[in-house]
Amino acid sequence: MMRALQHEGVKTIFGYPGGSIMPVYDALYDYTRGEKKAFDHILVRHEQGATHAAEGYARVSGEVGCAIVTSGPGATNTLTGVADAMLDSTPIVVIAGQVPIAALGTDAFQEVDLVGVAQPISKWSYQIRHAEDIAWAVSRAFYIARSGRPGPVVLDFPKNAQLEMVDFKPEKVNFVRSYVPYPQIDDEAVREAAELINNAKKPLALVGQGVELGNAQQELLAFLEKADIPAGRTMLGLSALPSTHPLNVGMLGMHGNYAVNLKEQECDVLIAIGMRFSDRVTGNPKTYAKQAKVIHLDIDRSEINKIIKSNVAVVGDCKASLPAITALLQKNSHTEWRDSFKPLDEKERQKVIEPAIHPTEGPLLMGEVVNAVAEATKGDAVLVTDVGQNQLFATRYFKYPKNRSICTSGGLGTMGYGMPAAIGATFGAPERTVCCFMGDGGFQMNIQELGTIMEQQSPVKMILMNNNYLGNVRQWQDMFWQRRKSFTRMMNPCYELVAQGYGIPYACVTERKDLKSAIEKMLATKGPFVLECAILEDDNVLPMTPPGKNVDDMMLEVKG
């Protein structure tokens, strides 16, 4: 197993030992020290943390993340991370111990049908029943995880296979029958897409994470610039296009930017690139962009027409499909169309953005904290978020001049994702500052990973935005449930003592005048840091498209 992982180029493993994976960990001992050293092993404090750390590592590095755990509860604890990686197309391989095959089906100690449980939420799950299958299974797992539309793979590794003797012969799987990771692009579809774009008066591109997964950032720029197409970005696709690029018109979705959401209902050609038309982007799909011709570029054929019907579908890797279309485009200018976004942008700036990032009185706001950190890091940092208001404010107000600059849980919305994902990001991009924004709820979901940060001295800059509430649920209760705050107020610990217990530097900001200096102190401190900010309790994320409503029903203020 160690040599098979080495053969796949694995450098970092996140894991937690136990009885049914002990032979692997015994071998790992030799491969993490001395002349034989091949891996860094990061001992997490919970198996869910291992999978989220592997996700963070994969997101920023572009490599496959790897986690090793034991059977039973060790394996089932990884499943949230596996489901999260599946929905967000994150390539990870989870290797879990299992009882010997002779004991399968006997309800042996810590026995779980992991393959059966993982199958619906993974790209592939497989049980390695004999040692002679290890090299093949590992190579196939990494090939499936990283190729095509990436995703998680789960390997169930019974103990008998861990103990059998076999001559190691490296294998390299690059073909799986009936699996076509890179569909051949249809030239006619390319021609039809180019014709629609050339004739468009009001084209709009929707840029998703598929651009980054396909390493097609430069191809995207060439495409947009040649045809002068404004582009909105999904939350996971935010760093696929630099924040300051003149064709960037903001973030799509429920809490995205006002102009781009409204203009989806006005454009005549909508070009979706590496995105899946999530309900958080479309609002009510029955009324979404009905006036537009829809061009959908995606590597996964199953996403075509799943939610929004396309007029032209270009199935394939966008690193190939974008240049193919670009070659047929006429050099164009859509100045009047792009200028029509500006009044709406200005309306949002005055009503929402300026009050959020430059308040003059009252308690601290999440938007101003995010903006202050973004300005202090000068665009060099990786943004990691937990889930909730902290995520929505952070993704709105952070800056993304570089690719692969965002790690957040999009599809599954996993609270507790932030801290372990940030640990993984520090190993995946050790040269970059990693800023992790968390609410008080998410911070406590995987608070035990402070132990991993302490042991590794992972330089995670943790910004804890504490409003004493499960803020996003509280906002929905206030807006849609007659302000009945049912079990959303949090009784919190003294975070200073928590940080002190783990030996992590800490500061708390309660006054606006102290924010800048506290951020400077955090960024100047070598290693990890916890910066707690006391936030206005009823701070709301705006704009907002109410759930189930049309995207052009987006609100700039809370009514009533």
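Since the structure is predicted, the reported quantities are computational estimates derived from the model, not experimental observations.
A salt bridge links K319 to E219: one of the charged nitrogens lies within less than 4.0 Å of a carboxylate oxygen. Looking at R140 and E171, no side-chain N of the basic residue comes within less than 4.0 Å of a carboxylate O on the acidic one, giving no salt bridge. Salt bridge R146/E8: present, at least one basic N to carboxylate O contact under 4.0 Å.
The neighbour count for Y506 OH, taken as heavy atoms of other residues, nucleotides or ligands under 6.0 Å away, is above 12. A 6.0 Å sphere centred on CD of E35 holds no more than 12 heavy atoms belonging to other residues, nucleotides or ligands. In this structure, K521 places its NZ atom where only 12 or fewer heavy-atom neighbours from other residues, nucleotides or ligands lie under 6.0 Å away. At most 12 heavy atoms of other shown residues, nucleotides or ligands fall within 6.0 angstrom of atom OH in Y29. At most 12 non-hydrogen atoms from other residues, nucleotides or ligands lie less than 6.0 angstrom from CZ of F109. Summarising the local packing, CD of E455 is surrounded by more than 12 heavy atoms from other residues, nucleotides or ligands at distances under 6.0 Å. The neighbour count for R301 CZ, taken as heavy atoms of other residues, nucleotides or ligands under 6.0 Å away, does not exceed 12.
Across T12, I68, V10, a single residue satisfies side chain to side chain contact (heavy atoms under 4.5 Å, CB included) together with F39, and that is V10.
Side-chain atoms of K399 come within 3.5 Å of backbone atoms of Y397 as a donor-acceptor pair (strictly under, hydrogens ignored).
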Exercise. Show your reasoning for whether ring pair (Phe, Tyr, Trp, His ring centres under 6.0 Å) applies to H41 and Y31.
Key: CA-CA 9 Å; H41 177 271; Y31 280 82; over 10 Å; no

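Aromatic ring centroids of H52 and F14 lie 6.0 Å or more apart. Taking the ring centroids of Y126 and W136, they lie under the 6.0 Å cut-off. Taking the six-membered ring where the residue is Trp, the centroids of Y495 and F443 are separated by under 6.0 Å.
Counting heavy atoms from C-beta on, the side chains of M366 and Q389 come closer than 4.5 Å.
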